[in-house]
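These notes are about the structure you will find just below.
Source: prediction; values computed, not measured. Protein chains get the first letters and strands the later ones, always in sequence-line order, with residue 1 at the start of each.
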Number of protein chains: 2
Amino acid sequence: MSNPEDYAQSNFQAALFALALERGGGAPLHLQLADALRGLLIGGRFAGRKLPASRVLAAELSVSRMTVTTAYDQLAAEGYLATRRGDGTYVADHLPHLVPAPKRPRPAPAPPVPPAPFHPGLPDQALFPHRAWARHLERAWTRPAPALLARADPLGWAPLRQAIAAHLAAWRGLDCDAGQIVVTSGAWDAFDLLRGAALQAGARIAVEDPGWPTQQKLLQRGGLSPCPVRIDGEGLDPARLPGGLAAAIVTPSRHYPTGTAMPLARRLALLGWAEAEGALVIEDDYDSEFRYQGQPLPSLAGLDGLGRTVYMGSFSKLLSPGLRIGYLVLPEALTGAARDHLEVTGARASLLPQPALAAFMESGEFATHLRRMRRVYARRQAHLLACLAPFEGLLSLSADPSGMHLMLPLGPDLAGRVPDREISARAAAEGMVLRALSAHARLPDAPEGLILGYAGFEEPRLGEAAEALGRILRAAAG
Amino acid sequence: MSNPEDYAQSNFQAALFALALERGGGAPLHLQLADALRGLLIGGRFAGRKLPASRVLAAELSVSRMTVTTAYDQLAAEGYLATRRGDGTYVADHLPHLVPAPKRPRPAPAPPVPPAPFHPGLPDQALFPHRAWARHLERAWTRPAPALLARADPLGWAPLRQAIAAHLAAWRGLDCDAGQIVVTSGAWDAFDLLRGAALQAGARIAVEDPGWPTQQKLLQRGGLSPCPVRIDGEGLDPARLPGGLAAAIVTPSRHYPTGTAMPLARRLALLGWAEAEGALVIEDDYDSEFRYQGQPLPSLAGLDGLGRTVYMGSFSKLLSPGLRIGYLVLPEALTGAARDHLEVTGARASLLPQPALAAFMESGEFATHLRRMRRVYARRQAHLLACLAPFEGLLSLSADPSGMHLMLPLGPDLAGRVPDREISARAAAEGMVLRALSAHARLPDAPEGLILGYAGFEEPRLGEAAEALGRILRAAAG
């Protein structure tokens, strides 16, 4: 044993013969052996060493020879071992000197917190007919229709697209063919599809200011250039649009977040602008099914006959944001390019909810749910306004015929004296999500006001929150 | 009536008084009236005309005055009517001259066709435990956990990410924390996330050639620059990589489509390259759970300890492509940027399948299903090879220890005489999907061979298809 080579070889053998395998209840012996061998070899100490013959190691470890050959084969396939013809098995010369870094412990994820008043845009999911919905899911997938298992249409499940077309005709005055509808996984997906099918990289897109702040970030991350344009009391004015725009994104049924509806003359002017500029109008119709007086206004896309208008709809506000199901209605001229894009990229929307959602819509349960939520939300808005009545001078109260939130300007006792963002910050300190209108604008001299989401909150909670808000407003007024 | 103005006004009144409303069973009268009025006004013939007072029209139509005022209010809100203070209601001056284009009839969508042999990459969905899966869906959503209804973590449902981490440790030798896992809606989403979190627009990414053709299109559409690099018998060779790459995408466990596994030395060299270049390695591990001899090779990401390697996994091949659920495992250094990106864009993966999939994995049903499919697919591969044995000279037969398809080079009777694409074209004429290896390459002098997916086809179908293929090969050999 004075020869260092012999010494190292014998050291290697000793390490091998000392390997402990767990019998009965543990992993199969060949897997345990392969794991143990890998653990020995990964440090690189034994590179180039010869392994004992499989029957020798098998005898030492009291396992079958098959166990050893299987483990050797596995490690040979992984490159840890090399077989030299007629000369047995060796540890490979080039071995990992990489040892995985020790794991740092991670904090456990925070438990879910209920939404804070007056968080806007949240449907009341406790009132969702979960049981009926779960039944539709189970029915659709227990014995799935053959078409559900075939290569999926990347535009979405055909019966769902038909149900959406029927819904749009009845609720939004939009007459379209199911072939013009693409099921998406939400706004990011919708913009991605439009970029792939209709817009050049870097294209300039007019967005409303104030507007939905996330929209600008989405466009920027998607390689498009948002161009904010200050709205007036009738929404986006096409006369104010700069040249060279590829599209304008608008919320004509109910401007976000002010709630203004775009009058007919303005709608026609916008369509005229699109025609003259060869631009698209993208109508984001996010919650206008929730109209409490009269019918929802017909969609801009319907007025246009889907010539230059793309209609963006979503089920987030109607059912649940976790669904990740929205849709686009495209002009006929864009459907081919959209299909080309989706054939490459694949659909992003899961097929899983689609047959259940189609059945939920076809059965009428969806419309029933919408009508029910309309009554509930109308009551909640009225209750919130009643609870805020004592603070009339501090907040300018007026009802909104639709939506899931109120945008209320500051009253004469506060307007011009305290910025809306300060009220918002004071409310945040009390655990509220009370967004300032001016925080929805990028351009200077933004209008001010407070955004009070009420849809997701029961009346007693709204009452408490209104009182707390009253205290904050009084304190701010000094 | 000689005054043309009076005549037009009286014409308008006549048209109004002639409006027919359907009583009993139809839509509410005020909606019918609003629709009918809109129909009259939309042509623009009556722009600027004064409407009769509501009590006059109500008496003429035998409806309540409230019905008329509600309809007038609705049309005023839509901009069709304008009220002049103290002077009644007028048709607006600016009115839509746009009438939606008549609808062209559309062809009905084609019924689903069963996949043609030898379409690769298709799991056999008939063997999927649909009933158990549907039960998990129903259970998860009948009384959803509060966290499912709260604001969702854009990285995915935490229990699913934990189940994926456990699966990767057991099946892929990859030790990671659930916090490093992002649930995606598939490859497009995964590349989009990497572009948002780790790669600059236009970044050059090495891809294997031959490789997965869609991958290059995905990268290009996503604003990245794929750079194809010819592989050798050990996969991608880092010594052949040009400078200035931001990443390399590889399939080390099982190269697509040749099936080659990257040996350990090459894996280490690739990780060394990434370290030296400050580049990422993206490991696309698409079907290596299906290994029929020995264990699946541990993942490259596991060898690397997730230092510079991103691991891309998918449930498409394991469960069903319609799920649209895949995942990324990220180095710790990238998790913050990924979260930032997803906080803006929102998750694309539907939350809907996630709790059911987590339960399906936790219960062990997923592993049972994998093991079952492994046995089924191994049998199918063996059967296909047996059926092809009579054509040995035409096709170079050899078994593959893993995967869902075989890549078989042409045999001595055909190789160099007939291009693989010609065989592919002849097979297409007989209704098969028999892809040519050379069609998976962009670089010249591509290797040739045929790709025979077998996983999705029962043995009798494989037998018939093998016979048909034999006839095609014989005919090609002349």
Can a donor-acceptor pair be found, under 3.5 Å and without considering hydrogens, that links the side chain of B/Ser350 to the backbone of A/Leu323? yes
Using non-hydrogen atoms only, which part of A/Ala140 is less than 4.5 Å away from chain B: side chain, backbone, both, or neither? neither
Max heavy-atom pairs within cutoff under 4.5 Å with chain A, candidates B/Gln125, B/Lys217, B/Arg143, B/Arg348, goes to B/Arg348
Note: vs chain B, highest number of non-hydrogen pairs under 4.5 angstrom among A/Gly186, A/Pro144, A/Ala152, A/Gly346 is A/Pro144
Sorted by first residue and then second, give each side-chain hydrogen bond (donor to acceptor under 3.5 Å, both in side chains) pair with at least one member in residues 126-138 of chain B; sequence neighbours left out. B/His136-B/Glu365
Taking B/Arg324 for its side chain and A/Ala347 for its backbone only, find out whether a donor-acceptor pair lies under 3.5 Å. yes
Of the backbone (N, CA, C, O) and the side chain (C-beta and beyond), which part of A/Arg266 lies under 4.5 Å from a heavy atom of chain B, both, or neither? neither
Contact part of B/Ala34 toward chain A, heavy-atom cut-off under 4.5 Å: side chain, backbone, both or neither? neither
Quick one: pull up CG in A/Leu352 and CG in B/Leu351 and give me the separation to the nearest 0.5 Å. 11.5 Å
Under 4.5 Å, counting heavy-atom pairs only, tell me which of A/Arg195, A/Gln354, A/His119 racks up the most with chain B. A/Arg195
Spacing of B/Asp189 atom CG and A/Asp192 atom CG [to the nearest 0.5 Å]: 9.5 Å
If I compare all heavy atoms of B/Tyr80 with all of A/Leu303, which pair ends up nearest, and what's the gap? OH-CD1, 4.4 Å
Measuring from atom CG of A/Leu137 to atom CH2 of B/Trp141, what distance do you get when rounded to the nearest 0.5 angstrom? 8.5 Å
